[in-house]
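We name chains A, B, ... by the order of the sequence lines, and we start the count at 1 in each one. Values below: every heavy atom of this structure, side chains too, minus hydrogens, waters and symmetry copies.
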Amino acid sequence: MIAAAARELAGQHVCFVGVGLPNIAVNLAQRTVAPDLELVYEAGVFGARPARLPLSIGDPTIVTGSTAVVSMHELFAFYLQGGLIDVGFLGAAQIDRYGNINTTVIGEYARPRTRLPGSGGACEIAINARQIFVIMRQSKRSFVEAIDFRTSPGNLGGAERAERIRREQGWLGRGPSVVVTDLGIYHFDETGEMRLDALHPGATLEQVRASVGWVPRVAAELVTTPAPTAEELRLIRDELDPEGAYTA
Amino acid sequence: MIAAAARELAGQHVCFVGVGLPNIAVNLAQRTVAPDLELVYEAGVFGARPARLPLSIGDPTIVTGSTAVVSMHELFAFYLQGGLIDVGFLGAAQIDRYGNINTTVIGEYARPRTRLPGSGGACEIAINARQIFVIMRQSKRSFVEAIDFRTSPGNLGGAERAERIRREQGWLGRGPSVVVTDLGIYHFDETGEMRLDALHPGATLEQVRASVGWVPRVAAELVTTPAPTAEELRLIRDELDPEGAYTA
Amino acid sequence: MSGKVTTMRDAVAELVRDGDTVAIEGFTHLICFAAGHEIIRQRKRDLVLARLTPDLIYDQMVAAGVARKLIFSWLGNPGVGGLYAIRRRIEAAELGDEPPLEVEEYSHFGMVGRYTAGAANLPFYPLRSYFETDLPKANPLIRPVRSPYGDEIVYAVPPLKPDVAVVHAQRADAGGDAQVWGLLGCQKEAAFAADRVIVVVEELVDEAVVRADPNRTIIPGLIVDAVVVEPFGAHPSYVQGYYDRDNRFYRDWDPISRDPAALQAWLEEWVYGLAGREEYVARLGPERLAAIRPSGSAPSGPVDYGAYR
Amino acid sequence: MSGKVTTMRDAVAELVRDGDTVAIEGFTHLICFAAGHEIIRQRKRDLVLARLTPDLIYDQMVAAGVARKLIFSWLGNPGVGGLYAIRRRIEAAELGDEPPLEVEEYSHFGMVGRYTAGAANLPFYPLRSYFETDLPKANPLIRPVRSPYGDEIVYAVPPLKPDVAVVHAQRADAGGDAQVWGLLGCQKEAAFAADRVIVVVEELVDEAVVRADPNRTIIPGLIVDAVVVEPFGAHPSYVQGYYDRDNRFYRDWDPISRDPAALQAWLEEWVYGLAGREEYVARLGPERLAAIRPSGSAPSGPVDYGAYR
């Protein structure tokens, strides 16, 4: 899952790094398929070269040796809203078929069953980053027909409306382009809906169907994700996450 | 004139320094009556301690040894608009009896007889600094019944309207409080109009009346400005303006 | 510049009042736990706590009962999990008939914009966020505003002007001129927006040190009411160049936060039971402090401002 | 990061096009006269010149006929007097039947706000200025906007997105990561707002120098198209720590600017007649350069970012 997400970053240039799984995926990508990847941390760092994998996204290791450290105002206003971010990498608690994301509450907002972290920067990342990568584990509880709260807009009710609104409102973002889960890789088709394009080694279509709250579209030419290479595994296990904080 | 303007700064704390005569007056005040005066330069300096008198207001001597150097955005947004400036010190090409100031054009805006520098920061200084000191030479051409262009608002058409608008619009500034000229010192009375309160040594009421474009109000107890002290003159001539750029 | 140096106890006693809106800012970096603990110790009440990321410090403060409301944008223990003391005051099943903790919720840029508008005395701050989300419904203070140039709509957030802002910095002089390197977060904006400002530093330095490098000053003493010298005052958060983030503490917090009794015992041991940060640091012990020492030095190198006489 | 180092001639030839909106920013500090002169030499036409303070450089450029319009907030020779080449293109008596230079006029904060909105991709920037003045009448792009929180009105300015921004800096690496100390003006905002960015530096440094002090970086190479190494490229403006403002030059400009023939002769001698800045510096001569040397050094001192492995 982490290796697959990292590989999707090949060819990308400037990536906004989220807390959690995106953090390790992006750091793996910089060490493998995208050595020129510029890491942007919402904490106010451009061009980070973390010497170790930070647990949080505001670790001192992302500062030392970076290209530029700026205020959060500048980071959000000039880098993100100004349109310099190619890929915003987000996690999610719930996602729907159109890539709309909930990270706010499960249940009603006023009296939630589960209080989640909320937006952080996700809402403005979803709108202003040129494209959005999502990384999350999938289940009937996370891949749902209707999310309980829309924290970050995806393709709204479908591509047609989403594209019209992006155009009318002058959004720079084109919305979600990839979702990587523990079972496979999804891209978005012309209707704006998620489509399973690759299954990870060992995962089955049955598992996928049993962990999606709608009938998922599946690519005509469904492929199998190449297994993590020895080098990817070594980097993850020995260098990036020796204590298993992300991968245990 | 310069010494008189400097003395008016006694008791003030944070002063926004304008180009030209305000620059020398404020630097003199910091060396005499107001040693704790914090000089703020719109170029982005707080707590300047210029080792020499700068010709412009963006000289390297205002940076070295200062307390803080910030972007112009921060200077204008947080220091000025945020309400931290006690005194904004302005020059003027034309002023009316209510302290409204023109530094933009003489004649019509579209085809001016004389093109003046324009606002610079003066317009927002007039609105956001707690009070405004004006320093300028007076003549029938500069002290006029009606200014050709209102660059910086003073007491508008009188104190009543000015106070209402300041209250309604939430201005932090209370408007002009002192005008120092080559002939005397004016303050503003309860109607918002300029009143001559002191004549410089050697200046006469006749000279004043001959160089004001309206019938100027004169204080019942008109006093004579104390002559510049030997120390003030020494500071101006030897230290601040040895080449006579300001005082020739 | 007159001296403003005081103790944390006096600074909090004098400057933090019941009912105040308090912002202890710092984005992972420079979070002043020492000030939060002193506020708990002095049993302040009905505070409105503002922070982008409430982090462990507001979890502790909410658990201690100092807060009536939270203004925030991301509620979690970064890379670890939840802040359970706060969640217990929000989630339906935990609450029963108890009134919930009030929450007022934005995005990160929304919170930064709120402080910025507060600092700049603007009635609103416009940003490109919130379109087509449920956030403006959840928080009616997030409002659309039409551009005066064409029909474009953006969203706005209102100014936030805390009664008190606490800013932790590497160093300041006795007048409160504070300098920071590494992550800057939005402490500058929060401080300029606030009515009162407490600066807490690792080191008190001579004014000449500040004036030797004026571009590093993040806030001037002009807006500072108190300067507190409190080494390790940001632990378990960190101070660039001084000590590392204590990730072990963040991980260890998870089970404590989940268990109300464990949390109260922790507060007894580490907050109520101690006189202040000095005792806290002694209790951490030399091994723990050694573990968060940077692995080496990484000097910036000097630049020359030049003398101009 | 790939190298972007080139010559001023190539940078201007490739990146500045007739009709462009060009911002050579720098508030008294770091005004890149070298770029302005090269634009004159290459006889660019119909440029829209944006700067808070047009200063001598735009007086020279307007005199040379490169500009059709000026966007500004303060038009003068600071501490000396006027910019007469520009005034001759504005004042009625001088113009006769000639069409005037177009002008679009703001206040300083308005100009800063315009760049800020441009950099942040906002449709407008709100500020507390212009109330009860004639500026919104003179420039209808200054417009009122109502706060969505109550009835309060503030003014707004529209975004300014130059086609090209020129930023002079003390140092940058080959990728364009540029560092500045001393006055920052609004170069950062102008650069982020611009479509193309030329960075001009006193010194090219290794990337490691930049990365040793990331808080000093004002713009990242990410937004930079060309890096030009041009020592003394800001003369008669100055570079903090490198050379002083040449006030004599500013004073000497007054009679030249007043006299069209003298001004054209000056342009012949100092711009058209020279291949570039290197020849300009040689012509200034060692005495003149010695006169603008700082009177001493004023080192910042280093700070420690700490290594975290």
What is the minimum heavy-atom distance between T67(B) and V210(C), and which atoms define it?
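Nearest heavy atoms, T67(B) then V210(C): O-CG1, 3.8 Å.
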Are there over 12 heavy-atom neighbours, none belonging to [X], within less than 6.0 Å of that residue's [atom1]?
X: D238(B); atom1: CG; answer: yes
X: E239(B); atom1: CD; answer: yes
X: E14(C); atom1: CD; answer: no
X: R237(B); atom1: CZ; answer: no
X: E160(B); atom1: CD; answer: no

Residue among G83(B), G170(B), A68(B) with most heavy-atom pairs under 4.5 Å to chain C:
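Looking at each option in turn, the highest pair count goes to A68(B).
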Option that, when pairs with chain C are counted at under 4.5 Å, heavy atom only, ranks first among A77(B), A51(B), S66(B), G47(B):
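Most pairs with chain C among the choices: S66(B).
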Closer than 3.5 angstrom, by distance alone: can the side chain of Q81(B) be matched with the main-chain N or O of N121(C) as a donor-acceptor pair?
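The answer is no, because no donor-acceptor pair under 3.5 Å joins these two groups.
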Using heavy-atom distances under 4.5 Å, tell me whether L172(B) contacts chain C through its side chain, its backbone, both, or neither.
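Side chain only.
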Which bit of V45(B) comes within less than 4.5 Å of chain C, counting heavy atoms only: side chain, backbone, both or neither?
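Neither the backbone nor the side chain of V45(B) comes within 4.5 Å of chain C.
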Any idea which of I218(C), N215(C), D213(C), I223(C) has the most non-hydrogen atom pairs under 4.5 angstrom with chain B?
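When all of I218(C), N215(C), D213(C), I223(C) are compared, N215(C) has the most.
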Test log, rule side chain to side chain contact (heavy atoms under 4.5 Å, CB included), inputs T217(C) and V69(B)
CA-CA 7 Å; T217(C) 306; V69(B) 176; over 6 Å; no
Side chain to side chain contact (heavy atoms under 4.5 Å, CB included) between R211(C) and T64(B), intermediate numbers included
CA-CA 7 Å; R211(C) 289 184 182 269; T64(B) 303; over 6 Å; no
Nearest-0.5 Å distance that lies between atom CZ in F78(B) and atom NZ in K188(C)
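With rounding to 0.5 Å, CZ (F78(B)) is 7.5 Å from NZ (K188(C)).
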Could you tell me which portion of A212(C) (side chain, backbone, both or neither) has an atom closer than 4.5 angstrom to a non-hydrogen atom of chain B?
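For A212(C), neither part sits under 4.5 Å from chain B.
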Salt-bridge criterion met for E207(C) and R49(B) (N-O under 4.0 Å)
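Yes.
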Side chain to side chain contact (heavy atoms under 4.5 Å, CB included) between Y308(C) and V63(B), intermediate numbers included:
CA-CA 9 Å; Y308(C) 294 90; V63(B) 164; over 6 Å; no
